[in-house]
Asker: 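One structure coming up, written as structure tokens, with questions to follow.
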Amino acid sequence: MSRLDIRPFEATDLPAAAALLAERHREHRKRHPLLPAGYEEERRALVEVTAVWDSADASGTVLRDGEEVTGYLLGAPKKSPVWGPNIWVEAAGHAVREAEHIRDLYGAAATTWVDAGRIAHYTLVPDDTALLDAWFRLAFGSQQAHAIRPVPETPIPAPAGLTVRPAVRDDIPVLAQLDLTLPQHQGLSPVFSAGTLPTLQEALDEWEEDFDDPEYVTFVAESNGQVIGSSIGSSIEKGSTHSGLAQPDNGGFLGFAAVLPEARGLGAGRALGEAVLNWSAEMGYDSVVTDWRVTNLLSSRAWPALGFRQTFHRLHRLIGH
């Protein structure tokens with residue numbers, strides 16, 4: 001095998017990287033046409049790659065075949081302590097003509113990152129089988145799923161025995177309790193999330209302040225007259241996780257859903273998700289996006305069963321452990 005021509009990424013590589021990203025996105029949209037069409041254009045793709053390059057402490061590598069750039073990889077750290085001493089390769093941070101070459105690009109770039117003490121590595125990868133396989137063979141594992149589905153053509157009825165309705169202010173105490181239920185569940189096996197847990201009073205105060213925000217809709221599910229779960233919907237622009245290539249035009253967002261532990265198994269989680277789907281259709285959206293931890297046994301089964309198809313995989317690797 002001939003030696004590959006890999007060197008550090010430079011600003012002059014941005015147009016070539018944008019061309020590769022637009023090419024990758026065109027292929028991605030053949031599988032997921034609800035994703036935004038605009039990034040099939042090199043001009044729009046250039047905006048995304050440039051944003052990654054302009055991130056603080058961004059660095060990466062490019063691969064050349066003669067004078068042509070045939071692959072690139074860009075990463076940058078995030079300040080949040082939740083992610084550890086990290087480096088992130090976002091959706092616009094990589095594209096290659098040959099999937100195998102992402103391994104060579106990463107091998108060259110990761111030396112600098114690890115030498116700087118950044119040992120927690122994250123990457124957002126489209127659902128391309130060959131590309132995912134290449135990342136998996138770099139010791140990355142699947143952590144988070146990003147998914148999309150069209151809005152329902154006709155309203156989905158609530159299951160028998162449950163009432164699903166918009167939340168009212170009298171529901172705030174249980175809504176605050178449900179705000180704790182999800183991170184508590186995520187902290188258990190097999191997720192073991194290290195996310196921070198607010199106090200009940202903090203959750204109550206936040207609901208009191210934000211309850212009437214018109215940019216969000218909250219639903220609750222009742223069984224025998226008791227609220228047992230909630231879900232929240234909004235426009236996709238409110239979901240910061242789904243930006244750029246992962247943000248569909250005119251999309252809704254299923255941003256939160258939780259059911260009290262003692263009430264699980266009644267179908268409330270599915271009904272609450274369906275309530276956001278129905279609302280999104282009423283609002284005139286074309287699609288709905290959501291995400292979940294793949295180690296969450298409940299959501300990783302509930303949302304695909306609701307018709308969500310995975311578009312991006314967030315992968316994670318911790319060096320030295």
Side-chain angles (χ1 to χ4, degrees), residues 6-11 13-14 17 21 48-63 71-96 99 101-126 131-146 182-199 202 239-246 291-296 299-300 312-321:
I6 296 176
R7 60 165 173 77
F9 193 100
E10 300 173 355
D13 296 315
L14 287 169
L21 182 62
E48 292 298 297
V49 181
T50 301
V52 176
W53 176 243
D54 287 343
S55 301
D57 298 321
S59 64
T61 49
V62 292
L63 170 65
Y72 77 94
L73 175 69
L74 278 174
K78 291 187 177 182
K79 292 183 178 180
S80 173
V82 172
W83 307 115
N86 65 84
I87 200 82
W88 278 77
V89 179
E90 300 283 6
H94 62 106
V96 286
H101 288 161
I102 199 67
R103 302 176 73 220
D104 302 281
L105 287 162
Y106 173 81
T111 298
T112 300
W113 299 337
V114 174
D115 285 348
R118 303 194 179 280
I119 61 171
H121 296 181
Y122 302 84
T123 181
L124 200 59
V125 183
L131 190 57
L132 283 167
D133 177 68
W135 280 104
F136 287 152
R137 287 184 291 113
L138 287 165
F140 280 80
S142 183
Q143 184 185 60
Q144 185 94 354
H146 296 220
L182 181 57
Q184 286 170 345
H185 177 73
Q186 298 275 52
L188 301 176
S189 180
V191 184
F192 297 117
S193 172
T196 57
L197 187 68
T199 67
E202 287 172 337
S240 59
T241 303
H242 306 271
S243 59
L245 289 83
D291 57 88
W292 62 86
R293 283 291 180 101
V294 296
T295 44
N296 184 328
S299 57
S300 65
F312 286 91
H313 300 246
R314 188 174 84 201
L315 309 183
H316 174 46
R317 179 187 185 189
L318 188 61
I319 304 297
H321 296 271

Asker: Could you check V125 against F312 for side-chain contact (heavy atoms from CB on, under 4.5 Å), going step by step and ending with a plain yes or no?
Answerer: CA-CA 5 Å; V125 183; F312 286 91; 6.0 Å; no
Asker: Decide yes or no on side-chain contact (heavy atoms from CB on, under 4.5 Å) for Y72 and V49, but give the supporting numbers first.
Answerer: CA-CA 10 Å; Y72 77 94; V49 181; 3.6 Å; yes
Asker: Work out which heavy atom in E48 is nearest to a heavy atom in G244; give both atom names and the distance.
Answerer: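 Smallest interatomic distance, heavy atoms only, reads OE1-CA, 3.4 Å.
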Asker: Does a side-chain heavy-atom distance below 4.5 Å link R7 with D13?
Answerer: yes
Asker: Regarding Y106 and H94, is there a side-chain donor-to-acceptor distance under 3.5 Å anywhere?
Answerer: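 No pair is found: no donor N or O on one side chain lies under 3.5 Å from an acceptor on the other.
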Asker: In Å and rounded to the nearest 0.5 Å, what is the CZ to OG1 distance from F9 to T61?
Answerer: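 One finds 9.5 Å between CZ of F9 and OG1 of T61.
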Asker: How long is the span from the CG atom in L124 to the CG atom in L245, to the nearest 0.5 Å?
Answerer: 9.5 Å
Asker: Quick one: closest heavy-atom pair of A58 and V52, and the distance?
Answerer: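 What the structure gives for the nearest pair is CB-O, 3.4 Å.
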Asker: Roughly how far, to the nearest 0.5 Å, is the OG atom of S299 from the CG atom of D291?
Answerer: 9.0 Å
Asker: Which donor-acceptor pairs under 3.5 Å do the side chains of residues 184-195 make with protein atoms, sequence neighbours left out?
Answerer:
residue: H185; atom: NE2; partner: N296; partner atom: OD1; Å: 3.3
residue: Q186; atom: OE1; partner: N296; partner atom: ND2; Å: 3.2
residue: S193; atom: OG; partner: G195; partner atom: N; Å: 3.2

Asker: Minimum heavy-atom separation for G60 and A109, please, with both atom names.
Answerer: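 Answer, listing the atom of G60 first, then A109: CA-CB, 4.4 Å.
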Asker: Taking G84's backbone N and O only, do any of them form a donor-acceptor pair with N86's side chain (distance below 3.5 Å, no angle check)?
Answerer: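 A pair under 3.5 Å: yes.
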Asker: Enter the distance from R293:CZ to S300:OG here, rounded to the nearest 0.5 Å.
Answerer: 12.5 Å
Asker: Between V294 and S142, what is the shortest heavy-atom contact and its length?
Answerer: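 Shortest heavy-atom separation between V294 and S142 comes out as CG2-O, 3.4 Å.
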Asker: Under 3.5 Å, is there a donor-acceptor pair between the T123 and W88 side chains?
Answerer: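 T123 vs W88: no donor-acceptor pair found between side chains.
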Asker: Looking only at heavy atoms, what is the nearest atom pair of V89 and L74, with distance?
Answerer: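 Taking V89 first and L74 second, the nearest heavy atoms are CG1-O, 3.5 Å.
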Asker: How far does CG of L132 sit from CZ of R137, to the nearest 0.5 angstrom?
Answerer: 11.5 Å
Asker: Counting N and O atoms only, with roles assigned by atom type, does the side chain of R317 sit under 3.5 Å from a partner on the main chain of L138, one being a donor and the other an acceptor?
Answerer: yes
Asker: Going through the checks in order, is the side-chain contact (heavy atoms from CB on, under 4.5 Å) test met by I87 and Y122?
Answerer: CA-CA 6 Å; I87 200 82; Y122 302 84; over 6 Å; no
Asker: Taking side chain as C-beta onward, heavy atoms only, is T241 less than 4.5 Å from H146?
Answerer: yes
Asker: Quick one: do K78 and E90 make a salt bridge, cutoff under 4.0 Å?
Answerer: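 Salt bridge flag = yes for E90 with K78.
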Asker: Checking D133 against R103 for the salt bridge (charged side-chain N to carboxylate O under 4.0 Å, His left out) test, could you report, in this order, the C-alpha distance in whole Å, the side-chain angles of both residues, the deciding distance, and whether it holds?
Answerer: CA-CA 10 Å; D133 177 68; R103 302 176 73 220; over 6 Å; no
Asker: What are the two closest heavy atoms between A134 and A99, and how far apart are they?
Answerer: CB-O, 3.5 Å
Asker: May I ask you to decide if the ring planes of H121 and W113 are parallel, tilted or perpendicular, using 30° and 60° as cut-offs?
Answerer: perpendicular
Asker: For the CZ atom of R314 and the CD atom of Q143, what is their distance to the nearest 0.5 Å?
Answerer: 4.0 Å
Asker: Apply side-chain contact (heavy atoms from CB on, under 4.5 Å) to the pair I6 and D104, showing each step before the final yes or no.
Answerer: CA-CA 8 Å; I6 296 176; D104 302 281; 3.6 Å; yes
Asker: Closer than 3.5 angstrom, by distance alone: can the side chain of S80 be matched with the main-chain N or O of W83 as a donor-acceptor pair?
Answerer: no
